[in-house]
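Working notes, beginning with the structure itself.
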2 protein chains.
Amino acid sequence: MPAVLFCSNLDDPEEWRPPMTKLMPDLELRVYPKFGNPLDIDVAMVWRPPQEGMGQFKNLKAILALGAGVNQLDLPSLPKGVVVARLVDEVLGKAMAEFCVLTALRYHRNLDVHERNSRLKKWEYIIPRPAAQRSVGMMGLGALGGQAAKLLKTVGFTVCGWSRAPKKIEGVECFSGPDGLYKMAAKCGIVICLLPLTPETQGILNKKLFDAMPQGSYLINLGRGGHLTEADLLSAIASGRLAGATLDVFNTEPLPEDHPFWNHPQITVTPHVASTGGADTAAQLMVENIRRARAGQPLVNQVDRAKGY
Amino acid sequence: MPAVLFCSNLDDPEEWRPPMTKLMPDLELRVYPKFGNPLDIDVAMVWRPPQEGMGQFKNLKAILALGAGVNQLDLPSLPKGVVVARLVDEVLGKAMAEFCVLTALRYHRNLDVHERNSRLKKWEYIIPRPAAQRSVGMMGLGALGGQAAKLLKTVGFTVCGWSRAPKKIEGVECFSGPDGLYKMAAKCGIVICLLPLTPETQGILNKKLFDAMPQGSYLINLGRGGHLTEADLLSAIASGRLAGATLDVFNTEPLPEDHPFWNHPQITVTPHVASTGGADTAAQLMVENIRRARAGQPLVNQVDRAKGY
C-alpha cells in the first residue's frame with residue numbers, strides 16, 4: 001500500500017488528516033520525519049523539502065505543494081520525472097483577492113495616515129474619493145492575480161494588469177511583455193505584486209519600476225520576498241517617489257528583528273497572512289491530485305518545471 | 001430673480017459654483033453671510049444653519065442639505081412649509097460603501113493587530129480566513145446602508161441588516177423592529193452603523209447592543225456621534241466584550257484633544273472621512289432640486305420632517 005508523506009514546518013497535518021481521510025478512507029498519511037520505509041512514499045505534500053532533499057523517496061511520483069507558490073521547492077533540485085502541483089483552491093484565491101482589496105483601499109482612503117493621526121491626536125481631514133478615481137496595477141494575472149483584479153474592479157477601482165504573455169480580462173486594461181510593465185506602472189497609483197517567483201521575476205520590484213510609477217504611489221507585495229529589491233524600495237520611499245508599501249513576504253521569514261522594514265513609518269509589515277489554503281476546503285483538491293498521480297494523469301494546477309510555475 | 005444661499009463652514013462654495021452654473025447658467029449663488037436682501041433667497045444649500053436660524057429668509061422654499069444626514073439642521077426649528085432634501089449622490093454612496101468594506105475587512109483580517117505588531121517588530125501569524133466566515137451587521141438599510149450591505153456581500157462577507165421597517169435585500173438577512181436589532185447583533189462579529197440620527201436612534205450604540213454581540217466583536221460608527229453612548233463603548237472594550245472600534249463621527253468635531261478616544265489602543269479615530277458628496281457629481285442633483293423647489297414639485301431625497309430623515 002503506497003503512502004503519502006506530509007512535510008511542513010508551517011502546516012498542521014492533523015488539520016488535513018480528517019477531511020482527507022473522509023474523502024479517501026484508505027489514505028495512509030505519514031508525517032515527516034516519521035515516515036517509515038521511504039520506498040512506501042509515492043506522493044508528498046510539502047511546504048519546503050527536508051534538508052537532505054527528496055532523493056531517498058525512490059518511488060515518488062508527485063509533490064503537492066502546500067502553497068500557491070513553488071519557488072521554495074527548488075524545482076531544479078527535484079528528481080526528474082516527479083510532477084509538481086501548486087495549491088490554489090477556491091478559499092485561497094478568495095482570501096487573497098480580499099486582502100488585495102483591503103490593502104489597496106487602505107492606501108486609497110489614506111487610512112494609514114488616519115491611523116497614525118489617531119495615535120497623535122491629530123484631526124486632519126482628507127477629501128474622500130471613490131475608488132474609481134484610483135488605478136490599481138496587478139502584476140501577475142494567473143489564478144490568483146486574475147481573481148484579485150476582478151474583485152478590485154467589482155469594488156470600484158480602475159484596474160490594470162500585467163502578465164508575461166498577453167491576457168484578456170473584462171474590465172481590466174491588460175499589458176504584457178517587458179515594456180508593458182513600465183507602461184502599466186506609469187498609470188497606477190497602487191501596484192500589487194502577485195507574480196510567481198522565477199529567475200525572470202527575481203528583483204522585479206526595483207528602481208526601474210518605481211521610477212516609472214507616478215510620484216507618491218504605493219507598493220503592495222504579496223508574491224515572494226525575492227521579487228523585491230529591498231534597497232531600491234527604501235530609496236524610493238526616502239525620495240518620495242513611493243509614499244508607502246505593504247509587504248507580506250520576505251526573503252527570511254519571520255523577518256529578522258534588526259531589519260529596517262520593521263517600525264518604518266511608511267512600511268507596513270504583515271506576517272505572510274495575505275492568504276492560505278484552508279485544509280477543510282483544499283482537502284478535495286489534494287485527494288484528487290493523489291488519485292491523478294497514482295493513475296499517471298496530469299495534476300490539477302500542475303507546474304511547468306521549465307517555466308517555474 | 002430669486003437667489004440660492006450657500007451656508008457651510010466645511011464646504012467650499014467655489015467648488016460648487018462652476019459645475020452648477022454650467023447646468024443652470026442663470027443661477028445666482030450667494031455665500032453666507034454676504035447674501036444681500038434676505039427676501040431674494042428661495043433655496044438654501046446648508047451644512048448647518050447660521051446661529052440666528054433661517055427665520056429671516058421669509059421666501060425660503062427649500063433647504064438642500066450638504067450632507068447625507070440632516071440632524072444638524074435641527075428640523076423642528078425650521079420654518080413650517082420649508083421642504084428639506086438630503087444629499088445622497090452616486091459618488092457619496094459608492095465612497096461610503098467602499099469605506100465600509102475597508103473598515104470591515106481591516107478588522108476581519110486583523111490588520112489593526114498587524115499594524116501594531118509592525119511597529120513593535122513582532123511577527124505574529126494569524127490564520128487568514130475568507131470574508132464569508134464573518135458576519136457583518138449593517139444598522140440602517142436606506143440609500144447608504146443598503147448600497148453598503150450589497151457591496152459587503154459582493155466582496156464576500158456574510159451580511160445581515162437591520163432597519164426600523166422591514167426591508168428585503170437579496171443575499172442579506174434582514175431584521176427589523178426593536179427586538180430585531182438584538183437578534184441581528186447576536187450573529188455579527190462586526191456591526192456598522194449607518195442610521196439617520198433621530199430621537200429613536202440617539203444613543204442606540206449602547207451597552208444593551210454590545211452585550212448582545214458575540215465576545216470580541218467590533219463596532220464601526222459612520223452615522224453620527226449622537227448614535228454612540230461613549231461611556232458604554234469604553235466599558236465594553238475594557239471588559240473584552242468588544243475588541244475594537246472605528247469611529248468616524250463625533251458629538252464635537254474636530255474631536256477635542258483631551259477625549260479618551262484619541263490614542264486608545266483599540267479605537268481608531270477617523271476625521272469624518274467615510275464619504276462626501278463630490279461637488280462635480282452632486283451638482284446635477286442640486287440643480288434638479290432647485291428646479292423642483294421653484295416648480296413646487298417634491299424633491300429628490302426629500303426628508304420626512306416628522307420621521308427626521
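Chain identifiers are assigned alphabetically (A, B, ...) following the order of the sequence lines, protein sequences preceding nucleic acid strands; residue numbering begins at 1 within each chain.
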What part of [X] gets within 4.5 angstrom of chain B, counting heavy atoms only: side chain, backbone, both, or neither?
X: A:Q133; answer: neither
X: A:N117; answer: backbone
X: A:F157; answer: neither

More than 12 heavy atoms of other residues, nucleotides or ligands under 6.0 Å from [atom1] of [X]: yes or no?
X: B:K121; atom1: NZ; answer: yes
X: A:E230; atom1: CD; answer: yes
X: B:Q72; atom1: CD; answer: yes

First locate atom CD of A:E15, then atom CD1 of B:I127, and finally report the distance between them rounded to the nearest 0.5 Å.
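Rounded to the nearest 0.5 Å, the CD-CD1 separation comes to 5.5 Å.
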Minimum heavy-atom distance between B:V101 and A:L105, given as atom pair plus value
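Between these two residues, the closest heavy atoms are CG1-CD1, 3.9 Å.
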Heavy atom to heavy atom, less than 4.5 Å: which residues from residues 253-275 of chain B reach chain A?
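Within residues 253-275 of chain B, the residues that come under 4.5 Å of chain A (heavy atoms only) are B:E253, B:P254, B:L255, B:E257, B:W262, B:N263, B:I267, B:T268, B:V269, B:T270, B:P271, B:H272, B:V273, B:A274, B:S275.
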Of all of [options], which one pairs up most often with chain B through heavy atoms under 4.5 Å apart?
options: A:G156, A:A132, A:A95, A:S118; result: A:S118
options: A:M96, A:R109, A:H108; result: A:R109
options: A:R119, A:H114, A:R129; result: A:R119
options: A:A131, A:P128, A:A97; result: A:P128

In the structure I gave you, are the side-chain heavy atoms of A:E115 and B:L111 within less than 4.5 Å of one another anywhere?
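No; the side chains remain at least 4.5 Å from each other.
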Residue by residue, scan residues 144-155 of chain A and write down, ordered by number, those that have a heavy-atom distance under 4.5 Å to chain B; if none do, write 'none'.
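A:L151, A:T154, A:V155, listed by number.
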